Every structure is written in structure tokens, then in C-alpha cells.
Amino acid sequence: MMAWYSIFVSLLLLMTTVLAEDRGPVPTGPPKAKTEPVVDVLHGHKVVDPYRWLEDTNNPATQQFVNEQLAYTRSLLDPLPGRDKIHSRLEQLLSIGNITAPQPGGPFYFYTRREGTQNQAVLYVREG
């Protein structure tokens, strides 16, 4: 049993080494977000939010941080083998759209529908 374990670990190390060589330089890590604590008092309790500044999408600092995060993510994902094949298969599956089962709410029925490549589903309401 130990022989199989040793073979498995050896193959895992070999695979890791081969994949690491194909990726090129390893990123040092994701960008760090600065902290600017904002304190709110809710029902008598202090709530500190050090990342409130990220909620302002028009803030140039927020946009820069998001761009740095995106660049870091792309540096990890883009070199992975087989991404194009996975992307095309997901595109096929997601382009068919979907419709949810109706949910009753009083005299109304609610459901969502997404056609083909729509980004967001649309909420529909029917009476009766």
C-alpha cells in the first residue's frame, strides 16, 4: 500500500513541477487593499467597515484596485491549459437560456426568464 502512495506522491510532484514550468513567473500575491475604517452605530453597536471606500465605483482608487485584482486574476488563469475548450463548452451551455418554475405570491405567480446570452434574467409576474 505504501508503494502506491509513494508512486502517487511522486506523480503529483512531477505534475506540479511540469505545470509550474509552463506558467512562467509566479505572482507574488493579490494586491492588498488599503484600509480606511468607517464606524457606524447600528442599534447601539459600533460596526467598523475598513473597506467601505471600495463601495464607490466612481472613485479612481477603487477602479485602480479592481484593475489590479483583475490583472492578478488573469495572470493566474490565462496560462492554465484547456481554458479555451472549457470556455467554448460553457458558452454553448449558457447560451440556451433558462426559465424558473413559477412561485405563487397572493394572486400572482412570479418567475424569471433569461434568453440566450442575456446577462441578467428578467422577472415576470402573471395574475391567476
Side-chain angles (χ1 to χ4, degrees):
M1 178 131 175
M2 288 301 281
W4 285 107
Y5 180 75
S6 298
I7 292 171
F8 175 74
V9 170
S10 298
L11 286 174
L12 186 61
L13 288 172
L14 177 64
M15 218 168 39
T16 305
T17 305
V18 168
L19 288 176
E21 289 174 6
D22 290 342
R23 287 187 179 185
V26 177
T28 57
K32 303 288 185 215
K34 66 180 178 180
T35 57
E36 293 179 5
V38 174
V39 178
D40 288 322
V41 178
L42 301 171
H43 306 289
H45 297 280
K46 287 185 180 180
V47 178
V48 181
D49 184 355
Y51 301 104
R52 173 82 54 89
W53 65 273
L54 284 169
E55 294 179 8
D56 182 6
T57 58
N58 295 320
N59 182 347
T62 301
Q63 293 172 356
Q64 179 184 351
F65 177 73
V66 169
N67 288 333
E68 290 170 0
Q69 286 280 340
L70 180 61
Y72 173 72
T73 302
R74 295 272 50 106
S75 75
L76 294 176
L77 296 179
D78 288 347
L80 294 176
R83 288 191 75 245
D84 293 335
K85 187 175 179 182
I86 293 170
H87 180 269
S88 70
R89 181 62 178 142
L90 283 173
E91 196 171 51
Q92 288 174 342
L93 294 172
L94 293 174
S95 67
I96 62 173
N98 72 345
I99 187 167
T100 61
Q103 299 293 315
F108 302 100
Y109 287 93
F110 300 87
Y111 64 96
T112 61
R113 182 176 182 170
R114 184 182 61 79
E115 296 289 338
T117 58
Q118 270 182 300
N119 286 332
Q120 299 292 325
V122 176
L123 175 65
Y124 288 89
V125 181
R126 296 193 71 167
E127 188 172 6

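Values reported hereafter were calculated over all heavy atoms of this structure, with side chains retained and with hydrogens, waters and symmetry mates removed. On a predicted model such as this, the values are computed, not experimentally measured, just so you know.
- With sequence neighbours excluded, the residues satisfying side chain to side chain contact (heavy atoms under 4.5 Å, CB included) with Glu36 are Lys34, Trp53.
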Identify all side-chain donor-acceptor contacts of residues 76-83 below 3.5 Å with residues at least two apart in sequence or on another chain.
residue: Asp78; atom: OD1; partner: Arg74; partner atom: NE; Å: 2.9
residue: Asp78; atom: OD1; partner: Arg74; partner atom: NH2; Å: 3.0
residue: Asp78; atom: OD1; partner: Arg83; partner atom: NH1; Å: 3.2
residue: Asp78; atom: OD2; partner: Arg74; partner atom: NE; Å: 3.3
residue: Arg83; atom: NE; partner: Leu77; partner atom: O; Å: 3.1

Atom pairs and distances, donor-acceptor, side-chain atoms in residues 117-128, under 3.5 Å, two or more places apart:
residue: Gln118; atom: OE1; partner: Glu115; partner atom: N; Å: 2.6

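- Take Lys85 and apply the side chain to side chain contact (heavy atoms under 4.5 Å, CB included) test, not counting sequence neighbours, and it matches no residue.
- With sequence neighbours excluded, no residue forms a side-chain hydrogen bond (donor to acceptor under 3.5 Å, both in side chains) with Gln63.
- With a 4.5 Å cut-off between side-chain heavy atoms of Ile, Leu, Val, Met, Phe, Trp and Tyr, the cluster of Val66 takes in none.
- Looking at every heavy atom in both residues, Leu94 comes nearest to Arg114 through O-NH2, 3.0 Å.
- By the side chain to side chain contact (heavy atoms under 4.5 Å, CB included) test, Asp56 is found to be paired with Asn58, Asn59, residues two or more places apart in sequence or in another chain being considered.
- Residues satisfying the side-chain hydrogen bond (donor to acceptor under 3.5 Å, both in side chains) test with Gln69, not counting sequence neighbours, are none.
- Qualifying salt bridge (Lys or Arg N to Asp or Glu O under 4.0 Å) partners for Asp40, counting only residues two or more places apart in sequence or in other chains: Arg52.
- Going from atom CG of Leu54 over to atom CG of Asp49 covers 9.0 Å, rounded to the nearest 0.5 Å.
- Considering all non-hydrogen atoms of both residues, Pro31 and Tyr72 come closest at CD-CB, 3.9 Å.
- Connectivity analysis of hydrophobic side chains (ILVMFWY, heavy atoms under 4.5 Å, direct or indirect) links Leu90 to Ile86.
- Membership of an apolar cluster is not assigned to Val41, as no side-chain contact below 4.5 Å to another ILVMFWY residue is traced.
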Kindly list each side-chain donor-acceptor pair under 3.5 angstrom involving residues 99-110, sequence neighbours excluded, with atom names and distances?
residue: Thr100; atom: OG1; partner: Thr112; partner atom: N; Å: 2.9
residue: Thr100; atom: OG1; partner: Thr112; partner atom: OG1; Å: 3.2

